[in-house]
Amino acid sequence: MYTTVNRIFPCLVLLLGVLLASFSAIGAQEHPERLKIGLLPGESAPTVMRLNEPLRAYLEKRLGIPVELMVGANYAATGEALRFGRIDIAYLGPVTYILQSRRARLEPFARPTHADVGPTFQAVIIVPKDSPAKTLTDLKRKEVAMGDPASTSGTWVPRYQLLEAGLAAERDYTLRVLGAHDAVALAVAHHKVAAGGLSLPIYRRLLNEGKIDPDAVRILAESPPIPEYMWTFRAGLDPAFREEVRKAFVGVNDPEALKVFRAVAFIPAVDSDVDRVRSWIEAIRKQNPNAVPAP
């Protein structure tokens with residue numbers, strides 16, 4: 001018996017050591033050798049990659065490590081990639097951040113600020129130029145196009161605008177999901193739908209780039225100011241590395257790197273910055289409990 005115990009005990013010690021090492025590795029905070037950045041597919045992936053290339057190049061030079069851009073197949077995919085550690089940071093809209101942070105310890109750390117309006121932007125609901133609609137209530141029993149189901153300015157804020165006007169999705173109008181802001185604008189311009197909701201900055205850029213005919217569409221309603229998107233860390237990153245990245249963003253002064261964000265700078269961000277959006281989500285949930293995914 002004594003001999004058997006003597007043989008088993010070293011094995012148990014070895015096994016315990018392996019287990020402890022494994023748990024330590026899982027709990028260890030990481031300093032990546034490559035920074036993986038997740039971006040939302042507000043437009044086509046090649047467009048999103050092209051517009052963010054100056055920021056990628058700046059960060060690679062500033063941090064001294066390779067920086068890789070990754071565009072999710074949809075908004076949820078980018079949020080899930082951050083939650084499960086497949087990317088290190090992501091640029092999340094308020095709604096995507098709110099929904100994902102219910103399931104993981106995410107940390108917002110920076111957001112763009114603008115010369116005239118600070119760290120906010122707007123959504124718009126547009127209609128064909130020749131539409132008879134004069135107010136949002138004129139969209140009753142019409143088909144309204146929106147973007148990704150998790151998009152703040154492409155779905156949730158337009159839904160809130162319509163709800164404030166007394167129109168609930170599927171009760172008073174048909175919501176048609178098209179996935180991206182540019183797809184919504186094109187659908188409206190080509191009379192495929194009665195109206196569409198999208199980001200005002202993206203709408204303006206589509207007009208400026210000639211992708212949308214200014215004689216084909218007009219703005220029916222603008223939203224209240226929306227808290228800006230937030231750069232967000234995944235859980236488990238080394239604190240010293242997080243601080244390096246935070247300083248790199250707050251220190252951006254390259255106009256080309258800031259151009260896609262229409263920003264004068266990045267400023268610090270915290271969770272409470274998006275509390276206003278939480279109240280809008282709650283208003284939609286009260287009208288339709290199934291509209292908000294379960295945690």
Check whether any side-chain heavy atom of V217 sits under 4.5 Å from a side-chain heavy atom of D213, and report yes or no. no

Determine all donor-acceptor pairs shorter than 3.5 Å in which one atom belongs to a side chain in residues 137-144; sequence neighbours excluded.
from, atom 1, to, atom 2, distance (Å)
T137, OG1, T135, OG1, 2.7
D138, OD2, K134, N, 2.7
D138, OD2, T135, N, 3.0

Can you name the residues that form a side-chain contact (heavy atoms from CB on, under 4.5 Å) with L258, not counting sequence neighbours? V252, A263, F266

Could you name each residue pair satisfying salt bridge (charged side-chain N to carboxylate O under 4.0 Å, His left out) that touches residues 73-82, not counting sequence neighbours? E80-R83, E80-R103

Going through the checks in order, is the side-chain contact (heavy atoms from CB on, under 4.5 Å) test met by L106 and T232? CA-CA 7 Å; L106 306 181; T232 306; 3.7 Å; yes

Looking at CD1 of I126 and CG of L220, how far apart are the two atoms once the value is rounded to the nearest 0.5 Å? 10.0 Å

Side chains of residues 153-167: which donor-acceptor partners sit under 3.5 Å, not counting sequence neighbours?
from, atom 1, to, atom 2, distance (Å)
T155, OG1, D148, O, 2.7
W156, NE1, P149, O, 2.7
Q161, NE2, E222, O, 3.4

Non-hydrogen atoms of A185 and L198 that approach each other most closely: CB-CD1, 4.1 Å

Is it the case that one hydrophobic cluster holds both I212 and V127, taking links as side-chain heavy atoms less than 4.5 Å apart, direct or via other members? no

Do you reckon Y229 sits in the same ILVMFWY cluster as L69, going by side-chain contacts under 4.5 Å, direct or chained? yes

Run the ring pair (Phe, Tyr, Trp, His ring centres under 6.0 Å) test against Y173 and tell me which residues pass, sequence neighbours left out. none

Steps toward side-chain contact (heavy atoms from CB on, under 4.5 Å) verdict (E68, R34): CA-CA 7 Å; E68 180 181 354; R34 172 187 300 269; 3.4 Å; yes

Between S131 and R218, does the side-chain contact (heavy atoms from CB on, under 4.5 Å) criterion hold? Intermediate values first, please. CA-CA 9 Å; S131 168; R218 62 181 172 86; 4.0 Å; yes

So CG of D273 and CE of M230: to nearest 0.5 Å the spacing works out to 6.5 Å

I281 and I98, any side-chain heavy atoms less than 4.5 Å apart: yes

Under 4.5 Å between any side-chain heavy atoms of E228 and P94, yes or no? no

Counting only heavy atoms from other residues, nucleotides and ligands, does the tally under 6.0 Å from CZ of R171 exceed 12? yes

Could you measure the distance from the OG atom of S151 to the CG atom of N74? Nearest 0.5 Å is fine. 11.5 Å

For F233, does its backbone N or O pair with a side-chain atom of E107 as donor and acceptor, under 3.5 Å? no

With the side chain counted from C-beta on, respond yes when V48 and L39 share a heavy-atom pair under 4.5 Å apart, and no when they do not. yes

Expected list for residues 86-93: side-chain donor-acceptor pairs under 3.5 angstrom, two or more places apart:
from, atom 1, to, atom 2, distance (Å)
D88, OD1, R234, NE, 3.0
D88, OD1, R234, NH2, 3.1
D88, OD2, K36, N, 2.9

Please report the closest heavy-atom contact between A194 and P128, naming both atoms and the distance. O-CD, 3.3 Å

How close do V193 and A145 get, heavy atom to heavy atom, and via which atoms? CG2-CB, 3.8 Å

Could you pull out all residues at least two apart from D271 that satisfy side chain to side chain donor-acceptor pair (under 3.5 Å)? Y97, R278

K61: what forms a side-chain contact (heavy atoms from CB on, under 4.5 Å) with it, not counting sequence neighbours? none

List the steps and the verdict of salt bridge (Lys or Arg N to Asp or Glu O under 4.0 Å) for E53 and R50. CA-CA 5 Å; E53 172 56 25; R50 172 177 59 82; over 6 Å; no

Residue set satisfying side-chain contact (heavy atoms from CB on, under 4.5 Å) with R276, at least two apart, ordered chain then number -> P225, P227, W280

Do the side chains of M49 and Y75 join up, straight or via other hydrophobic residues, at under 4.5 Å, putting them in one cluster? yes

Rounded to the nearest 0.5 Å, the CZ atom of R242 sits from the NE2 atom of H31 at a distance of 11.5 Å

With a 4.5 Å limit on heavy-atom distance, are the side chains of I37 and V67 in contact? yes

Applying side-chain contact (heavy atoms from CB on, under 4.5 Å), can you list everything that pairs with L51, at least two apart in sequence or on another chain? E43, T47, R205, V260

Interatomic spacing from CD in E60 to CG in L35 - rounded to 0.5 Å: 9.5 Å

Would you kindly confirm whether L40 and L59 end up in one hydrophobic cluster when ILVMFWY residues are joined by side chain heavy atoms under 4.5 Å apart? yes

For the side chain of H114 and the backbone of P119, is there at least one donor-acceptor N/O pair under 3.5 Å apart? no

Any side-chain heavy atom of E33 within less than 4.5 Å of one from I65? no

Any idea which heavy atoms bring A248 and L63 closest together, and the distance? CB-CD2, 4.1 Å

Shortest non-hydrogen contact from V188 toward A195: CG2-C, 3.6 Å

Mind checking whether P112 and V264 have side chains closer than 4.5 Å, heavy atoms only? no

The criterion is side chain to side chain donor-acceptor pair (under 3.5 Å); which residues satisfy it with R62, sequence neighbours excluded? Y58

Do N208 and Y203 make a side-chain contact, defined as non-hydrogen atoms from C-beta onward lying under 4.5 Å apart? no

Reported CZ-to-CH2 distance for the pair F109 and W231, which is rounded to 0.5 angstrom: 7.0 Å

Same apolar cluster: M70 and L55, side chain cutoff 4.5 Å: yes

Pairs in or reaching into residues 182-194: which pass side chain to side chain donor-acceptor pair (under 3.5 Å), with residues at least two apart or in two chains? D130-H191

Judged by atom type as modelled, is there a donor-acceptor pair below 3.5 Å linking the side chain of E170 to the main-chain atoms of L175? yes

